[in-house]
Peer 1: 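Starting off with a structure, shown below.
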Protein chains: 2
Amino acid sequence: MSTQKEITIYDIAEALDLSPATISRGLKDHPTIRKDTRKRIFDKAKEMGYQQNLFASNLRRSRSNTIGVIVPRLNSYFMSAVIAGMEKVANAAGYNLIISQSTESKEKELANIKTLYNSRVDGLLVSLAYDSENIDHFDLFLNKGIPLIFFDRVFDHPQCTSIVIDNYKAGYEITSHLIRQGSKRIAHITASIKRNVYADRLRGYRDALADHGILYDEKLIFFCNLSEQAGAEATQRILEMDELPDGIFAANDTTAVSCIRTLKQAGIKIPEQITVAGFNNDPLSKVIEPNLTTMNYPGQEMGELAAATLIRKLDTKEGTSLNTIVLHHNLIVRESSQRKGADS
Amino acid sequence: MSTQKEITIYDIAEALDLSPATISRGLKDHPTIRKDTRKRIFDKAKEMGYQQNLFASNLRRSRSNTIGVIVPRLNSYFMSAVIAGMEKVANAAGYNLIISQSTESKEKELANIKTLYNSRVDGLLVSLAYDSENIDHFDLFLNKGIPLIFFDRVFDHPQCTSIVIDNYKAGYEITSHLIRQGSKRIAHITASIKRNVYADRLRGYRDALADHGILYDEKLIFFCNLSEQAGAEATQRILEMDELPDGIFAANDTTAVSCIRTLKQAGIKIPEQITVAGFNNDPLSKVIEPNLTTMNYPGQEMGELAAATLIRKLDTKEGTSLNTIVLHHNLIVRESSQRKGADS
DNA sequence: ATGAAAGCGCTAACAC
DNA sequence: GTGTTAGCGCTTTCAT
């Protein structure tokens with residue numbers, strides 16, 4: 001517990017009979033410092049166990065080299081892949097990550113925003129909560145011109161860049177695929193269409209139906225929070241319908257897997273009676289039997305790109321004109337939707 | 001981009017014709033401030049859009065209200081549950097979390113330690129990398145008496161608290177269970193026994209064998225990094241053995257699931273020919289068929305407890321005498337190990 | 001190539 | 001109950 005005194009640049013300055021200014025410059029490779037004094041400074045710093053005090057530096061420079069992250073929830077495979085990607089890029093560029101969860105609530109999101117503002121993060125990476133209607137609560141950041149980048153659950157705003165996949169197209173593709181497999185009454189289990197990801201997938205679903213001459217039926221749309229339990233409940237309601245659907249498109253894999261399990265328990269044959277598709281390419285999708293048809297959604301890549309985009313903005317100060325960056329997605333067809341004799 | 005000037009307590013002081021000190025006190029409910037001036041201060045602060053500058057505060061108080069977290073990898077369900085738990089507790093207590101990944105490398109771990117030290121985190125929550133032989137590289141923190149708490153992959157040290165489950169007992173229980181199901185040649189797939197979690201489970205496995213009169217056979221122990229791919233490879237090697245084992249205990253669920261899939265492809269009946277058990281109670285375990293017997297490992301709870309323990313230490317300054325906190329675990333018996341007629 | 005000095009915004013010991 | 005004042009450790013202009 002030897003709370004020894006902190007070593008500061010003043011201590012090094014004294015030991016080397018130089019000024020603090022020179023030490024400060026030497027430590028960050030300032031061009032006007034002679035090579036040998038630079039070396040002396042580094043050696044002494046190491047010898048004395050000097051560690052920079054970032055508060056002082058940040059206070060002085062009004063810059064934190066810290067990036068704030070707000071996500072709805074941390075406990076999913078997808079989100080941890082995203083964070084892993086962000087951490088990798090941020091760390092390599094000398095940035096720290098401060099992470100917080102909105103737990104899907106706008107109030108908590110606002111609280112997080114304030115905390116991160118107080119921590120003077122240099123920028124923000126955000127995936128929005130279910131119930132955030134708009135992004136007025138980000139004004140603190142927007143008014144100050146602090147970069148704000150959305151990923152996955154995004155919001156269109158002239159000042160912000162969004163990183164997404166083309167959820168409309170993905171929803172269209174997955175629905176068309178189910179139709180090509182012979183499904184005509186396709187249920188869709190999804191979440192709040194306040195969020196682009198769900199609204200877009202739903203649009204894709206509707207247009208795919210229309211383009212194949214299938215009437216849209218509101219009763220086939222089930223809204224829930226996409227948890228395992230919600231998936232089971234939605235499926236239960238589906239099973240109680242007068243006329244059973246012959247296909248189900250769930251907006252994430254957790255729900256789709258829960259759905260398959262419930263259907264199997266009810267003795268329904270998949271994909272013969274009902275085709276099922278999910279979304280995300282969660283590890284679960286390769287394990288459930290039958291294997292789940294799903295949309296590959298590159299979480300790690302999305303995290304890396306979000307962080308890289310933000311850092312580029314911070315380092316170059318140039319307001320990149322890019323407003324939306326779209327990542328590739330791809331349909332992974334597996335047994336849960338593949339009927340004999342149909343093409344994929 | 002209106003980079004308006006920051007509002008400081010001086011601005012509020014001027015507007016209210018008070019001193020900065022009074023504002024500072026008022027803002028943090030100092031007891032000696034009159035209720036009505038306190039209210040005036042709050043109102044004015046809100047009106048002017050004041051936001052505390054944490055750098056200045058932290059610099060002055062030499063305290064950051066920030067907790068550093070170092071984990072091997074972020075992209076697993078278990079780890080994201082742990083982090084979710086930490087974030088919840090930390091946030092409620094007014095702490096931020098800075099998170100970094102060691103990617104299982106001691107060098108990266110050291111780099112993370114230095115960065116977090118520079119950020120002057122108040123304490124550290126750590127799960128060790130595979131290849132950290134000791135914790136000398138934490139000296140920076142230990143020498144300064146900054147609290148260091150290990151969870152999951154821990155290291156015994158008089159200054160540090162560890163949060164774990166009883167891996168020895170868990171390994172013993174799971175192995176005994178397989179034996180009771182009639183397995184006599186049980187393979188064990190695990191990772192570096194430099195880490196307590198794997199060493200302890202292996203000890204439990206050995207002792208369970210011994211207590212049931214089964215000879216320990218080194219050839220049945222497979223070391224790998226417990227990834228999906230490594231699980232498949234290890235299983236491949238198992239399948240090539242002259243005498244096939246009749247039980248497999250894998251040190252995590254990812255590997256166990258990969259193992260089951262590989263065995264099934266080879267036409268092996270589970271649990272009839274080989275019983276299989278995993279570890280962690282990952283969502284995967286409930287989805288694989290047959291459902292996987294596994295050890296429930298409370299990730300979220302472990303994260304909450306780790307954070308709460310650290311924060312208690314920070315807030316009370318009392319060096320809690322607790323050196324190890326052991327969380328409950330429980331065996332979840334599912335089909336992958338349950339043979340007809342055997343008791344669990 | 002180096003030094004002197006001011007100040008980033010806040011807190012807390014001390015004064016009244 | 002409120003004010004004065006001195007720094008926390010660093011960066012950076014300006015001077016030499």
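In what follows, chains are A, B, ... by sequence order, proteins preceding strands, each numbered from 1.
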Peer 1: Students often get this wrong, so: under 4.0 angstrom with heavy atoms, is Phe55(B) touching a base, only sugar-phosphate, or nothing?
Peer 2: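 Nothing: the residue Phe55(B), judged by heavy atoms under 4.0 Å, touches no strand.
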
Peer 1: From dG9(C), dT12(D), dG9(D), pick the nucleotide closest to the side chain of Thr8(B)?
Peer 2: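 Minimum distance to the Thr8(B) side chain belongs to dG9(C).
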
Peer 1: Does the side chain of Tyr117(A) come under 3.5 Å of the side chain of Lys144(A) through a donor N or O and an acceptor N or O?
Peer 2: yes

Peer 1: Would you call Asp315(B) and Arg63(B) a salt bridge, using N to O less than 4.0 angstrom?
Peer 2: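 So Asp315(B) pairs with Arg63(B) through a salt bridge.
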
Peer 1: For DNA chain D, determine which residues of residues 27-36 of chain B have any heavy atom closer than 4.0 angstrom to one of its atoms, and list them numerically.
Peer 2: Thr32(B), Ile33(B), Arg34(B)

Peer 1: Side chain of Leu59(A), heavy atoms from C-beta onward: which of dC10(D), dG9(C), dA12(C) has the nearest atom to it?
Peer 2: dG9(C)

Peer 1: Shorter than 3.5 Å, N or O on both sides, protein versus nucleotides 13-16 of chain D: list them out with atom names.
Peer 2:
| unit_1 | atom_1 | unit_2 | atom_2 | d |
| --- | --- | --- | --- | --- |
| dT13(D) | O4 | Arg25(A) | NH2 | 2.9 |

Peer 1: Could you check whether Thr8(B) and Asn53(B), counting side-chain N and O atoms only, form a donor-acceptor pair closer than 3.5 Å?
Peer 2: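 No.
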
Peer 1: Counting side-chain heavy atoms from CB outward, which of dA4(C), dG9(C), dG9(D) is closest to Ser19(A)?
Peer 2: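 Looking only at side-chain atoms, Ser19(A) lies closest to dA4(C).
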
Peer 1: Do the side-chain N and O atoms of Ser105(B) and Ser102(B) include a donor-acceptor pair separated by under 3.5 angstrom?
Peer 2: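 Side chains of Ser105(B) and Ser102(B): no pair found under 3.5 Å.
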
Peer 1: Taking NZ, NE, NH1 and NH2 as the nitrogens, is one of them in Arg38(B) or Asp29(B) under 4.0 Å from a carboxylate oxygen of the other?
Peer 2: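 Yes, Arg38(B) and Asp29(B) are salt-bridged.
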
Peer 1: Roughly, in whole Å, what's the span from CG in Asp11(B) to P in dC8(C)?
Peer 2: 11 Å

Peer 1: Between Lys44(B) and Glu47(B), is there a salt bridge with N-O shorter than 4.0 Å?
Peer 2: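 The answer is yes: the pair qualifies as a salt bridge.
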
Peer 1: Among dG3(C), dC10(C), dG9(C), which nucleotide has an atom closest to any side-chain atom of Thr22(A)?
Peer 2: dG3(C)

Peer 1: When the distance from CZ of Arg120(B) to P of dC10(D) is rounded to whole Å, what number comes out?
Peer 2: 8 Å

Peer 1: Are Ser100(A) and Lys108(A) linked by a side-chain donor-acceptor pair shorter than 3.5 Å?
Peer 2: no

Peer 1: Salt bridge check: are Lys39(B) and Asp43(B) linked by an N-O gap of less than 4.0 Å?
Peer 2: yes

Peer 1: Within the structure provided, determine whether Ile325(A) and Ser162(A) are in side-chain contact (heavy-atom separation under 4.5 Å).
Peer 2: no

Peer 1: Under a 3.5 Å cutoff, is there a donor and acceptor pairing between the side chains of Ser64(B) and Asp122(B)?
Peer 2: yes

Peer 1: Any side-chain N or O of Ser24(B) below 4.0 angstrom from OP1/OP2 of dA12(C)?
Peer 2: no

Peer 1: Answer yes or no: is there a side-chain heavy-atom contact under 4.5 Å between Leu27(B) and Ile9(B)?
Peer 2: yes

Peer 1: Examine dA1(C): is either OP1 or OP2 under 4.0 Å from a nitrogen or oxygen in the side chain of Thr37(A)? Give yes or no.
Peer 2: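 No, Thr37(A) has no side-chain N/O under 4.0 Å of OP1/OP2 on dA1(C).
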
Peer 1: So which of residues 42-54 of chain B are in contact with DNA chain D, with a heavy-atom cut-off of under 4.0 Å?
Peer 2: none

